[in-house]
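Structure first, commentary second.
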Amino acid sequence: MDLFGDPAVWLPWTFAALMGLSILIYVVLDGFDLGVGLLMPLANDDEKDRLVASIGPFWDANETWLVLAVGLLLVAFPPAHGAILTALYLPVFVMLIGLILRGVSFEMRAKAPLSQKAAWNGAFFAGSLLASLSQGFMLGMYIMGLTWTLPHVGFAVLTAVFLTVGYSFIGAAWLIWKTDGDLQQHAVRWAKGGIWGLILGIGAISLATPFVSFRIFEKWFSWPEIGYLSPLPILSMALVGYLWWKLRRLPFVDDRWAWTPFAAATGLFVLAYGGLAYSFYPYVVPEQITIYDAASAPESLMIILVGTLFVLPAIAGYTVLSYFIFRGKATELRYD
Amino acid sequence: MDTLLLSRIQFGANISFHILFPTITIALGWVLLFFKLRFNKTGDQKWMDAYMFWVKIFALSFAMGVVSGITMSFQFGTNWPGFMETVGNVAGPLLAYEIMTAFFLEAVFLGIMLFGASRVKNWVHTLATFLVAFGTTMSTFWIIVLNSWMHTPQGYEVIDGVVHATNWMEIIFNPSMPYRFVHMMLASGLTVAFLIAGISALRMLWGDRGEAVKSTLRFGIITGAVLIPLQILAGDMHGLNTLEYQPAKVAAMEGNWETQSNVPLVLFAVPNQETRSNDFEISIPNGASMILTHKADGVVPGLNDFVGEDGEILHPRVAPVFYAFRIMIGTGVAMLLLSWGGAFLLRRYGAGDMPKLPLLAFTAMSFSGWIATLAGWYTTEIGRQPWLVQGVLTTKDAVSDVPASMVLSTLIGYLAVYAVLIVAYIGVITYLARKATKGEPFSNRRYPRRGEVNIATLQPGE
Ligand code: HDD
Ligand code: HEM
Ligand code: HEM
C-alpha cells in the first residue's frame, strides 16, 4: 500500500482533514440549531413552537457530527484526545450539561403537562446557551494553547461571547430561510442584531492568532505565504458586505433570496475555519503535538479509512435526502 | 476520595444513566416496526393507536439516549486518557464503525420516522422505522464488541506498551461477544416487554378498556413470557463462558473463597473480605458445582487463588458483584413467574377482564428491566476489576490526572441533572398514559393501506 508514498504521512493528514471537516460541518449545522435555541426568549409563544419545528427533524443528526469529530480525534490521535479533553475538563462538562438540557427539553416541552412548558422552554434556551458559550470558550482556550492563565481565560471568555452571538446569527439566518410571515421578519431583525458577533469574533481571533505563536506569525506575514492567505479576509469582507446589504432589504416578494443569508453565513464560518486550520497545521495540540506524532498505527487508520470511503457517501446521501424531505417552510411538528 | 475512585464512580454513573435509554430504544424500535406492519396488514386502527402512543415514548427515550451517549463519548478523553493511548488501535476503529454505520443511520432516519409520516409514502415511512431499529441494533453490536473485547481480549500484540491489532476477525468475534450480545438484546426485549405490559396495565387500572391497550397488554405479557426462558438460558451460557475466561469474576459472583469441589449455591450471605469468608450464609449443597460444571463434585475456582504472593488482591471487591448478581437473578425469576402467570390469566380471562391484582403486579414491574440490566452490568464491570482490559491494562493506569475536586464537582453536577431527568422522564410517561386513558385521539389522519390510493399525502403545491 505505497500508492501515495509513506502511509505514516498521508494517513494522519487524511484523518486530520476528515476530523476538520466534521468539526466544520458540526459548527455550521449544530450552530444553527443552537442559534435557534438562543433566539427562543425573543420569540412569542406561537413562534416558539415554530422555532423548534424548524430544527426538529435535523438536530439529532447534526449533533452526531460532534460525536464523529470527537470519535475521529479519539481514534486517529489518541494522545491528543487525552491532552485536549483533560485540559478542557470543565468546559467540556458545561457543554455536555448544556447539550443534555437542550436535547431533553426539546422532547419534554412538547410532551410534559402544559404547566411545565415554560420551564422546559427555559431549559431549552439555557442548554443552548451553555453549549454555545462553552464551545466558544474552548475555541479560545485552544487558540491560546490550552494553558490556563488569566489573559488566556479572558480571551476565551471573549470568544465564548462572540461565538454565541455568531451562532444566534446563523440561527436567525436559518429562520429567514425556513419561516415566513411575521416570524421571518423577526428573524431578519435578529440577524441584523447578531451579525456584529460574527464580525468581532472573526476579527478578534484573526488579530490574536498570529501573536500567540511566532510560527503562526511567520506563516501569515511572510512572502509568499501571505498571498495564500489573502483570499480569506477579502472573501470574508465581501460576504459581510453582502449580508449587510441583503439584510436591509429582506424579505422579498415570492420569498426570493431567503436562503442567501444562511448560505453567506455558512461561507463565513467556512472561511474563518479555513484560516484557523491553515494556521495550526500541522499541530493538533497547539505548539505541542503534531498530527504525525499523535497518529494511531497506520493499520488501524487504514481499516477505518476503507470503511469511511464507503460509509461517508452514504451518510451524505441520506442526510441530503432528509433535508430534501423536510424542505420548504417549517410547519407544525406531528408524529402522524 | 482520590481521582481514581471518583472517576470510576463518575463513569459508572454516566454509563448507568446512558444504558437505561438504549435498553428501551433497542427493542422498542422493533416493536414499533411490528405495530406498523400489523397495521399495514390488517388496517385495524388499534395498531396505529398503539404505534402513536409508543412512538412518543420512543422519541423521548431516544433523545435521552443521544444526549447521554454524547457524554459517554467524551468520558474516555476526560477521565480515561490512558485507555485510548494504550488500546486505541483496537477501540478506535470499533467506535468509528459504530458512529459511521449506526449513529448516523439512526439519527437521520429518526427525523423521517418521527415527523415524516405525512411527507413520504407509507412504505418509505415503514422503511425509515426499520432503518432506525436496525441502526440501534448495530450500535449495540459494535459497542458490545468493544466491551466484550475488554473482557476477553484477543487478536492483538503489544509493542512498546501499546496494543496493536493483528486479527480483526478475532477481535470482533472474541469469545464473550456472542453471549454478551444475545444477553443484552434479550435484556432490552424484556425491559420493553415489561414496560409495555406495565404501562398498559396502568391504563387499564385507570379505566381504559380500548382495543389498543388490550392488544399492547397481551403483546407485553406474551413477549415477556417467551423471552425470559431464553434469557435464563443465555445467562447460564454466558456464565459458563465467564468461568472459562474470567474465573475471578465467577468466584466473586458465587461468593466462593476456596477452589474446591462440591461447592454450594449461595442464596444469601454477607461476603466478608476481612475474614475471607461469608457471614450468614444460606446455601444449597453442591448447587454451584451443578450449575457451573454440571457435576455435583465439579471444581469451582475460589477467590483465594487471586491473591498475589505479597498479599496484593487481584480479584474484584466481592460484595458488589455478589449482590448485583443476585439482584439480576432475582428480577429474572420474578419476571418468569409474573409473565407466565400473566399468560395463564390471559388464556383464562382474556386481556379485557384481567383481574386487578395481576394488573397491579405488572404496573409495579414496569421498570424491572432497568433494575436487572443495571445489576447485570454491575456484575460484569465490577467483576472485571482491577483490570480495565483483562490482563492488558489496569484501571488505575488509565485514569487521568485531573484534580479530584474537579472530578467530584462535575460528578455532583451530573448526578443532580440525572436525578431531575429520571423523575421527569418517568413523570412524562405516566402523564402520557393518563392522557391516553382519557381517550384523547392520537391522530385524526386516516392512514391508507398498501394498495389504496394515497391521497392524504399529496399536499397542495407539492
Ligand atoms: C432484563 C435483563 C436481564 C435479566 C432478566 C437477566 N440478565 Fe443477566 N445480564 C443482563 C441482563 C439481564 C445484562 C445487563 O444485559 C448483562 C450485563 C452484561 C451483559 O452482557 O449482560 C448481564 C450479565 C450477566 C452475566 C455476567 C456476564 C459476565 O460475566 O460478563 C451472567 C452470568 C448473567 N447475566 C446471567 C443471567 C442469568 C443466569 C439470568 C437468569 C435469571 C439473567 N442473567 C437474567
Ligand atoms: C459497552 C460498553 C462499555 C464500555 C466500553 C465500558 C467501559 C468501562 C470503563 C472504561 C470503565 C472505567 C474503568 C473501571 O472502573 O473499570 C468501566 C467501569 C464501569 N462500568 Fe462499564 N463499560 C461499558 C458498559 C457498561 C454498562 C452498560 C454499565 C452499567 C449500566 C457499566 C457499568 C460500569 C460500572 C459500574 C463501572 C465501575 C466499575 C468499578 O469501578 O468498580 N458499564 N466500564
Ligand atoms: C462507553 C460506552 C458508550 C459510548 C461511548 C456510547 C456512545 C453513544 C453515543 C454518542 C450515542 C448517541 C448516538 C447519536 O448521536 O445518535 C449513543 C447512543 C446509543 N447507544 Fe451508546 N454508548 C456507550 C455505551 C452503550 C452501551 C453499553 C449500549 C448498549 C448495550 C449502547 C447502545 C446505544 C444505542 C442502541 C444507542 C442509540 C439509541 C439511543 O440513542 O437511544 N451504548 N451511544
Side-chain angles (χ1 to χ4, degrees), chain A residues 56-58 60-64 66-68 70-76 78-79 81-86 88-90 92-93 95-97 99-104 106-108 111-113 116 296-297 299-300 303-304 307-308 311-312 314-315 318-319 321-322 325-326 328 333-336, chain B residues 52 55-56 59-60 62-64 66-71 73-74 76-78 81-82 84-85 88-90 92-93 95-97 99-101 103-105 107-112 114-120 164-165 168 400-402 406 410 413-414 417 421 424 427-428 431-432 442-443 445:
Chain A
F58 309 115
D60 183 3
N62 292 349
E63 213 167 86
T64 307
L66 177 66
V67 181
L68 182 64
V70 181
L72 284 175
L73 177 63
L74 173 135
V75 303
H81 177 255
I84 294 175
L85 290 187
T86 42
L88 296 176
Y89 198 91
L90 275 183
V92 165
F93 164 76
M95 175 182 79
L96 292 172
I97 292 290
L99 290 177
I100 291 175
L101 282 183
R102 192 269 298 248
V104 172
F106 185 92
E107 290 290 333
M108 288 288 189
K111 295 187 179 63
Q116 295 178 10
S296 296
E299 327 59 279
S300 289
I303 194 150
I304 307 176
T308 311
V311 182
L312 218 52
I315 294 176
Y318 52 67
T319 305
L321 175 75
S322 142
I325 289 176
F326 295 102
L333 277 187
R334 299 177 57 98
Y335 286 140
D336 55 348
Chain B
M52 282 302 162
V55 80
K56 294 202 175 74
L60 181 62
F62 204 99
M64 304 272 275
V66 169
V67 293
S68 56
I70 289 177
T71 315
S73 54
F74 282 87
F76 287 124
T78 49
M84 273 295 151
E85 279 163 32
N89 285 324
V90 168
L95 285 170
Y97 271 92
I99 297 168
M100 290 189 305
T101 61
F103 288 168
F104 276 105
L105 199 68
V108 173
F109 285 99
L110 181 75
I112 301 173
L114 293 183
F115 307 121
S118 60
R119 287 181 170 249
V120 295
H164 286 254
W168 281 100
S400 73
D401 53 7
V402 276
M406 197 125 94
T410 52
Y414 283 122
V417 172
L421 291 183
V428 165
Y431 171 73
L432 288 175
F442 289 105
S443 162
R445 207 166 87 84

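Letters go in sequence order (proteins before strands), and every chain restarts at 1. Reckoned from all heavy atoms, side chains included, excluding hydrogens, waters and symmetry mates.
- Contact annotation for A:Leu73: neither backbone nor side-chain heavy atoms come within less than 4.5 Å of a heavy atom of chain B.
- Contact of B:Leu110 with chain A is made through the side chain alone, with heavy-atom distances under 4.5 Å.
- Taken to the nearest 0.5 Å, the CD1 atom of B:Ile99 stands 9.0 Å off from the OG1 atom of A:Thr64.
- The contact between B:Tyr414 and chain A is made by backbone and side chain atoms together, counting heavy-atom distances below 4.5 Å.
- Ring centroids of A:Phe93 and B:Phe74 are separated by 6.0 Å or more, keeping the two rings apart.
- Counting heavy atoms from C-beta on, the side chains of A:Leu66 and A:Met95 come closer than 4.5 Å.
- With rounding to the nearest 0.5 angstrom, the OG1 atom of B:Thr71 is 8.0 Å from the CG atom of A:Leu99.
- Using a 4.5 Å cut-off between heavy atoms, A:Ile304 contacts chain B through both its backbone and its side chain.
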